[in-house]
Amino acid sequence: MNDKPAALVPSLVLPILAAMLGLALFSVMDGVMKAASIVVGAYAAMCWRGLAGAAMMFPLWLWRGQGWPAPGVLKVHVLRGVVASIMATLFFYGIVRLPLAEGIALSFIAPLIALYLAALLLGEKVRPAAIGGSVLALLGVAVIAGGKFDGPADAEAVKGLVATLVSAVLYAWNLVLQRQQALLARPEEVAFFQALVTFLFLGLGAWWFAPFPTGAVWWLLVASAALSAVSIMLLSWAYGRAEAQVLVPLEYTAFIWAAIVGWIAFAEPVTVPMLAGVALIVAGCLYATRGGAAAS
């Protein structure tokens, strides 16, 4: 990997592949965190995963020898860590009450919001191909949601729906911060500070909301922390070398992996509306990504 995070590689192929692998690992991590959250709750799972992740990434961060980040860089680390902490806690609260693939599908309003935030905050020009591809993918999400919520929902499912939608709004902001962070710091620094800030921020309420885990739950949290760290580094590397609007539509591929993980780990069914929605989502991703690559 290039030691200059801000340098753009000539081709977008490697950043796209890195982002897709990172998203696939994130989907597996979501499944592991769902299992942990069922046992100890979403808040506790996120808090102690932050501790495990920070301990895991600390030696690598020291070895890379970058030293303590400058105040401006640290501010971005802290801001994204806080936003990601709230976002992820709400998301895991939601997917405990919803099928994993449905939670991922509902979160797909985030990339659409992120496209406009990237234009507003990063000065990126939103290409027609990126907008068109994202709208096509959103139609796929509508098909999936229509197949799921076509009847009365219980109170817990409604709570999960609301939490997931609020999480999606924060996720859009997180995507833009991810791009800013990737331009300022190496991937291992990004992963370390995100885990550390998550633990320190959520640790403020640990006495009341995060009882110390025991037994097999720790293995779930350690596995989740490892998957999260690798995913964050892959995505940080990718976002340091390609514009947000090129990579953001790839977020939709996470649904495919979430459906597989949900089916294998939690016996969550894969329905016809899901498959129809996935087809639209993949088509939208391909269109938006090819349009972005052609314009670069």
Side-chain angles (χ1 to χ4, degrees), residues 18-61 80-104 107 160 163-164 167 170-171 174 178 187-188 190-203 205-206 209-236 251 253-266 268:
M20 291 184 72
L21 178 58
L23 290 166
L25 293 178
F26 254 135
S27 296
V28 176
M29 181 273 293
D30 287 339
V32 176
M33 279 295 286
K34 175 169 181 170
S37 298
I38 289 172
V39 179
V40 298
Y43 189 101
M46 271 300 298
C47 177
W48 299 117
R49 189 192 77 176
L51 175 61
M56 194 177 299
M57 290 304 303
F58 181 66
L60 180 58
W61 174 62
R80 188 187 174 204
V82 171
V83 171
S85 299
I86 301 171
M87 170 205 78
T89 302
L90 287 170
F91 177 75
F92 294 127
Y93 176 90
I95 62 172
V96 166
R97 291 154 179 81
L98 296 172
L100 181 59
E102 305 294 349
I104 292 288
S107 74
T164 304
S167 172
L170 291 174
Y171 189 40
N174 173 72
Q178 181 172 264
E188 62 276 3
V190 171
F192 169 65
F193 276 95
Q194 180 148 335
L196 179 64
V197 172
T198 294
F199 171 64
L200 294 176
F201 178 67
L202 295 180
F209 305 115
F212 199 74
T214 58
V217 176
W218 265 116
W219 290 108
L220 292 174
L221 296 177
V222 169
S224 174
L227 288 166
S228 178
V230 174
S231 300
I232 289 170
M233 287 190 287
L234 284 167
L235 288 167
S236 178
E251 296 283 329
T253 62
F255 175 85
I256 301 171
W257 303 111
I260 294 171
V261 172
W263 176 58
I264 293 173
F266 303 102
E268 296 169 354

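Sorted by first and then second residue, the salt bridge (charged side-chain N to carboxylate O under 4.0 Å, His left out) pairs involving residues 23-39 (not counting sequence neighbours) are Lys34-Glu268. Residue pairs meeting the salt bridge (charged side-chain N to carboxylate O under 4.0 Å, His left out) criterion with at least one member in residues 37-56, sequence neighbours excluded, do not occur. The stretch residues 253-265 participates, sequence neighbours left out, in no salt bridge (charged side-chain N to carboxylate O under 4.0 Å, His left out) pair at all. Sorted by first and then second residue, the salt bridge (charged side-chain N to carboxylate O under 4.0 Å, His left out) pairs involving residues 215-226 (not counting sequence neighbours) form an empty list. Applying the side-chain hydrogen bond (donor to acceptor under 3.5 Å, both in side chains) test to residues at least two apart or on different chains, none of the pairs has a partner in residues 37-48.
By the ring-ring contact (aromatic ring centres under 6.0 Å, His included) test, Phe26 pairs with no residue at all, sequence neighbours left out. Taking the ring-ring contact (aromatic ring centres under 6.0 Å, His included) definition, one finds that Phe92 meets it with nothing, sequence neighbours left out. Legend: residues meeting side-chain hydrogen bond (donor to acceptor under 3.5 Å, both in side chains) with Thr164, ordered by chain and number and at least two apart, are absent. Under the ring-ring contact (aromatic ring centres under 6.0 Å, His included) criterion, Trp218 pairs with Phe212, sequence neighbours left out. Scored by the side-chain hydrogen bond (donor to acceptor under 3.5 Å, both in side chains) test, Ser85 finds Thr198 as partners (sequence neighbours excluded). Here Phe193 pairs with Trp61, Trp68, His77 under the ring-ring contact (aromatic ring centres under 6.0 Å, His included) rule; sequence neighbours left out. Contacts of Ala254 classified as side-chain contact (heavy atoms from CB on, under 4.5 Å), with partners at least two apart in sequence or in another chain: Ser27, Ile104.
A 6.0 Å sphere centred on CE of Met29 holds more than 12 heavy atoms belonging to other residues, nucleotides or ligands.
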